[in-house]
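Have a look at the structure below before the remarks.
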Amino acid sequence: MRFDRLHSWPKTASAAIRIQERLAGDLEFSQITSEPELIAGVDCAFSRDESRTIAGVVVWRRRERGICETRVAQARCTFPYIPGLLSFRELPAVLSALSALRNVPDVVLCDAQGLAHPRAMGLACHLGLWLNLPTIGCAKSRLCGEFDEPGPRRGQSSPLLLKGRQVGVVLRTRDRVKPLFVSPGHRCDIESATRLTLEAAVRYRLPEPTRLAHQLVTQARNE
DNA sequence: GCGACAG
DNA sequence: ATCTTGTCGC
């Protein structure tokens with residue numbers, strides 16, 4: 001799969017923030033009506049010496065609930081981890097892995113935030129704009145926003161609010177298990193993000209695509 | 001200034 | 001993210 005370069009890579013945190021502020025205006029939020037056939041999941045790990053980012057992509061067939069294609073790629077770390085600027089650290093490797101894909105997914109799930117970000121530009125939003133594909137942020141913990149603990153059962157959720165505006169949901173994907181922080185990336189809305197995440201989280205806390213991508217990069221790291 | 005802080 | 005073993009609960 002191919003896509004054009006969205007912007008040059010920043011060297012400093014302030015330059016990265018300026019890019020986020022400019023990109024935020026290009027986001028589109030709409031309902032995903034058609035049932036996606038292929039759902040991709042991306043995740044990253046780091047080489048033991050922390051010099052390289054290892055990214056993995058798993059394209060998952062929604063109906064068969066099986067793996068369609070997997071890709072792994074690495075890239076040298078050129079940006080440090082700074083809360084709020086995660087995409088500048090991980091996207092180089094993620095984009096490399098995605099560019100090797102033969103099957104173009106209908107939507108991409110990310111192990112990170114989407115709209116639930118201080119400047120409305122979590123990794124899922126950034127990736128969605130770069131690929132011009134629908135993306136969803138499925139983070140394991142909170143970056144920002146306020147919320148009440150959702151009910152204990154799978155499927156129960158509570159709104160995630162930022163400055164009084166709902167930016168996502170805190171969603172329980174398994175009974176009595178720590179909830180996920182779900183928010184739309186690009187070309188998606190809160191309701192669609194919630195529905196697809198729950199649909200892809202068939203047996204574990206994490207949706208299958210990102211869970212499998214995590215296994216993929218963990219294995220790649222140990223060899 | 002202090003605390004919070006995706007992966 | 002990563003460093004790490006056993007252990008409690010469904």
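A, B, ... follow the sequence lines: proteins, then strands. Residue 1 opens every chain.
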Counting primed atoms, P, OP1 and OP2 as sugar-phosphate and everything else as base, the B/S/- map of nucleotides 4-10 of chain C against protein heavy atoms under 4.0 Å is ------S

Writing each nucleotide of DNA chain C 5' to 3' as (, ), [, ], | or . by Watson-Crick or G-U pairing under 3.5 Å yields ..........

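- Taking a 4.0 Å limit (strictly below) on heavy-atom distances, residues 177-194 of chain A does not reach DNA chain B anywhere.
- In this structure, CZ in Arg102(A) is found 15.0 Å from CE in Met1(A), a value given to the nearest 0.5 Å.
- Look at Arg154(A) and Asp175(A) and you find no salt bridge, because none of the NZ, NE, NH1 or NH2 atoms lies under 4.0 Å from a carboxylate O.
- His214(A) comes within 4.0 angstrom of the backbone, heavy atoms only, and of no base.
- Under the 4.5 Å side-chain contact rule for hydrophobic residues, Val177(A) and Leu206(A) do not share a cluster.
- Residue contacts for Arg174(A): at a heavy-atom cut-off of 4.0 Å it reaches no nucleic acid atom on any strand shown.
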Heavy-atom contacts, protein to nucleotides 2-7 of chain B, under 4.0 Å, summarised as B (base), S (sugar-phosphate only) or - (none) per nt, yield --SBBB

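- If you take SG on Cys125(A) and NE2 on His117(A), they are separated by 8.5 Å, rounding to the nearest 0.5 Å.
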Without placing hydrogens or testing angles, list every side-chain donor-acceptor pair under 3.5 Å for residues 130-144 of chain A, not counting sequence neighbours.
{"unit_1": "Trp130(A)", "atom_1": "NE1", "unit_2": "Asp4(A)", "atom_2": "O", "d": "3.3"}
{"unit_1": "Asn132(A)", "atom_1": "OD1", "unit_2": "Arg187(A)", "atom_2": "NH1", "d": "3.2"}
{"unit_1": "Thr135(A)", "atom_1": "OG1", "unit_2": "Ala124(A)", "atom_2": "O", "d": "2.6"}
{"unit_1": "Thr135(A)", "atom_1": "OG1", "unit_2": "His186(A)", "atom_2": "N", "d": "3.0"}
{"unit_1": "Lys140(A)", "atom_1": "NZ", "unit_2": "Asp111(A)", "atom_2": "OD1", "d": "3.0"}
{"unit_1": "Lys140(A)", "atom_1": "NZ", "unit_2": "Asp111(A)", "atom_2": "OD2", "d": "3.1"}
{"unit_1": "Arg142(A)", "atom_1": "NH1", "unit_2": "Gly145(A)", "atom_2": "O", "d": "2.7"}

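- Hydrophobic cluster membership differs between Val107(A) and Leu127(A), with clusters built from Ile, Leu, Val, Met, Phe, Trp and Tyr side chains linked at under 4.5 angstrom.
- The closest side-chain heavy-atom distance from Phe29(A) to Leu27(A) is below 4.5 Å.
- Side-chain contact annotation: Asn103(A) with Glu69(A), donor-acceptor N/O pair under 3.5 Å present.
- Two rings, from His126(A) and His7(A), have their centers less than 6.0 Å apart.
- Around atom NZ of Lys11(A), no more than 12 heavy atoms belonging to other residues, nucleotides or ligands sit under 6.0 Å away.
- If you check the side chains of His214(A) and Thr218(A), you find a donor sitting under 3.5 Å from an acceptor.
- DNA chain B contains no stems of three or more consecutive Watson-Crick or G-U pairs with both distances under 3.5 Å.
- Note that CZ of Arg211(A) is 8.0 Å distant from CZ of Arg203(A), once rounded to the nearest 0.5 Å.
- Interatomic distance, CG of Leu91(A) versus OG of Ser96(A), reported as 12.0 Å (0.5 Å rounding).
- More than 12 heavy atoms of other shown residues, nucleotides or ligands fall within 6.0 angstrom of atom CZ in Arg22(A).
- To the nearest 0.5 Å, atoms OG (Ser183(A)) and CG (Asp189(A)) are separated by 12.0 Å.
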